[in-house]
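Here the structure comes first, spelled out in structure tokens, and everything after it is commentary.
None of the values given here were measured: they were computed from a predicted structure.
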Protein chains: 2
Amino acid sequence: MGRRSEHSRDEIRKMAIDASAKIVETEGFKSLTARKVAAKIGYTVGTLYHVFRNFDDIVIHLNARTIDEMAVLIQKNVKKKRSAEARIRTMAAVYVDFATEHPDRWRLVFEHQAPRGLPTPELMKVRRDVLFEMVAENLRELSPNHISQEVDHTATALWSGIHGICILALTGKLYLGGAFSMVKLIDTLIDSVLNEFRRTHAAD
Amino acid sequence: MGRRSEHSRDEIRKMAIDASAKIVETEGFKSLTARKVAAKIGYTVGTLYHVFRNFDDIVIHLNARTIDEMAVLIQKNVKKKRSAEARIRTMAAVYVDFATEHPDRWRLVFEHQAPRGLPTPELMKVRRDVLFEMVAENLRELSPNHISQEVDHTATALWSGIHGICILALTGKLYLGGAFSMVKLIDTLIDSVLNEFRRTHAAD
DNA sequence: ACATTATTTGAACATCGTTCAATAACCATG
DNA sequence: CATGGTTATTGAACGATGTTCAAATAATGT
């Protein structure tokens with residue numbers, strides 16, 4: 001075969017990531033293979049390797065898109081909220097919803113790691129901290145007198161905690177029954193951290 | 001070859017799990033393969049498959065041992081502590097230490113999942129809740145008047161949160177620098193949840 | 001001594017990520 | 001219009017993966 005040029009490099013990239021997302025959603029992230037992606041977009045593996053450096057590269061781009069998608073969703077919902085606290089609670093709610101609706105794509109973001117030794121690609125580093133910073137922003141508004149470092153610290157602790165509940169629930173490692181639910185657990189965590197945050201402010 | 005009978009079934013199982021642990025620790029959990037395990041114990045793949053149902057079965061047994069090992073370590077350290085709060089803080093500290101010292105084995109516990117559709121083996125279910133229950137026990141002691149369900153709820157939220165900090169830090173998805181550290185983040189979370197717990201008790 | 005049983009092997013299979021020479025389609029030039 | 005150069009695309013090949021199983025061998029029973 002030779003050049004068909006039906007699609008540009010970037011188009012193929014986009015098609016491949018689309019296809020990957022679909023495969024992960026329908027068959028789970030363990031079923032994502034290069035050949036499956038290639039077949040789904042009407043090309044062969046070879047072409048894929050001309051457009052991506054390797055298989056991890058595909059996963060990394062898929063994950064970047066997943067994070068972006070989630071960030072947009074969170075932004076959109078947060079805008080409607082007036083108070084800083086409501087915004088933080090909304091962030092968590094959307095986060096949980098997204099993780100629940102796209103469990104495999106969401107897990108892939110957190111369970112994938114580039115081959116041992118290689119550094120985290122800049123692509124990911126940039127996205128990594130976006131949500132933490134959004135939480136920090138709202139904490140700052142909630143209590144403007146805290147020193148910046150303390151705000152960041154609290155934001156990290158809170159958001160990591162929410163993430164922990166999310167991932168354990170999603171991977172079936174939490175007992176959820178009766179009055180238990182992800183949402184309630186997260187409410188408890190938010191209540192606790194926000195109250196403590198306000199209290200330490202008083203002793204400032 | 002025929003029966004050598006140098007080792008019993010159970011001995012081979014133990015040897016295989018030992019070898020797996022070593023491989024995971026030294027080469028990372030992505031490098032764990034059946035052939036590598038077999039070679040390390042002086043057998044071939046075939047033998048492994050007579051003793052384990054499949055590769056996941058090996059991982060599950062390795063994970064069970066990892067959890068047991070960690071649980072023993074926690075128990076031992078918790079015994080020395082007098083107050084319920086000190087015991088909870090110690091639990092978290094030992095958890096973090098273990099995860100930090102054995103990152104790959106620890107991650108394997110939480111990132112492995114049996115093939116799609118298959119239920120979590122009983123082996124895991126039993127171990128899954130041990131640590132949560134330990135936290136709940138101490139919470140109960142901390143404030144005996146709470147209703148049992150609320151205690152379990154708080155224990156789950158707190159322990160999941162600690163886990164979240166742990167896993168994000170370990171997978172390099174947390175900004176940790178300056179005054180930031182896993183220990184400090186976890187302290188913040190524990191402070192918040194315990195204080196809130198005591199406070200809601202007052203309004204009981 | 002021989003037959004039976006249990007244990008261990010290693011070749012075979014499909015599939016994986018990855019590479020790369022060969023190929024076929026396009027473009028430009030004569 | 002043909003011809004040659006360029007380039008996108010292929011598909012076979014490689015080593016390694018999990019998994020299976022007939023064959024081979026060692027221990028045991030008679």
Between S143(B) and H146(B), is there a side-chain donor-acceptor contact under 3.5 Å, judged purely by atom types and distance?
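The criterion, which ignores hydrogens and geometry beyond distance, is satisfied for S143(B) and H146(B).
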If only side-chain N and O atoms count, and only distance matters, is there a donor-acceptor pair under 3.5 Å linking H153(A) with T156(A)?
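There is no such pair between these side chains.
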Residue [X], side-chain heavy atoms: nucleotide from [options] that is nearest:
{"X": "Y49(B)", "options": "dT19(D), dC16(C), dT17(D)", "answer": "dT19(D)"}
{"X": "I12(B)", "options": "dT18(C), dT19(D), dT8(C)", "answer": "dT8(C)"}
{"X": "F55(B)", "options": "dG18(D), dT18(C), dT9(D)", "answer": "dG18(D)"}
{"X": "R35(B)", "options": "dT18(C), dT10(D), dT19(D)", "answer": "dT19(D)"}
{"X": "T33(A)", "options": "dG18(D), dG17(C), dG10(C)", "answer": "dG17(C)"}
{"X": "T47(B)", "options": "dG18(D), dT9(C), dG17(C)", "answer": "dT9(C)"}

Rounded distance in Å - [atom1] ([X]) to [atom2] ([N]):
{"X": "N54(B)", "N": "dT17(D)", "atom1": "CG", "atom2": "P", "value": "17 Å"}
{"X": "H7(A)", "N": "dC26(C)", "atom1": "NE2", "atom2": "P", "value": "13 Å"}
{"X": "R53(B)", "N": "dT20(D)", "atom1": "CZ", "atom2": "P", "value": "11 Å"}
{"X": "H50(B)", "N": "dG18(D)", "atom1": "NE2", "atom2": "P", "value": "17 Å"}
{"X": "L48(A)", "N": "dT19(C)", "atom1": "CG", "atom2": "P", "value": "13 Å"}
{"X": "R9(B)", "N": "dT7(C)", "atom1": "CZ", "atom2": "P", "value": "8 Å"}
{"X": "E6(A)", "N": "dT10(D)", "atom1": "CD", "atom2": "P", "value": "10 Å"}
{"X": "Y43(A)", "N": "dA24(C)", "atom1": "OH", "atom2": "P", "value": "17 Å"}

Would you say the ring centers of F29(A) and W106(A) fall short of 6.0 Å from each other?
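Ring-ring flag for F29(A)/W106(A): false, centres at least 6.0 Å apart.
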Could you tell me if R13(B) sits above the aromatic ring of F52(B), with its cationic atom closer than 6.0 Å to the ring centre and no more than 45 degrees from the axis?
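The answer is yes; both the distance and angle limits are met.
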Side chains of M91(A) and M134(A) in contact at under 4.5 Å (non-hydrogen atoms):
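When only atoms from C-beta onward are counted, M134(A) and M91(A) do touch, with a gap below 4.5 Å.
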